[in-house]
Amino acid sequence: MGLFGKKKGDDGSFKCQYCNMKFDSDERRKRHEKKAHSERGGDMPNMNPFGFG
């Protein structure tokens, strides 16, 4: 039983609200949504190999 009714699927996975990908943890889903669906990040690969902004 979740505390505040998180977006957990029937099979115990968390679904992305944009592309319906499934993740086994809410943290991974949040990280995916931030990287893949934010306006700044988009679907473009990060050109900086060290990951610094």
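Going from atom CZ of Arg31 over to atom CZ of Phe23 covers 9.5 Å, rounded to the nearest 0.5 Å. Rounding to the nearest 0.5 angstrom, the gap separating the NE2 atom in His32 from the SG atom in Cys16 is 3.5 Å.
With a 4.5 Å cut-off on side-chain heavy atoms, Lys22 and Phe14 do not count as touching. Here the side chains of Ser13 and Arg29 are not in contact, with every heavy-atom distance at 4.5 Å or above. Counting heavy atoms from C-beta outward, Gln17 and Glu33 have side chains that approach closer than 4.5 Å.
Between Tyr18 and His37, the angle of the ring planes lies from 30° to 60°, which puts this pair in the tilted group.
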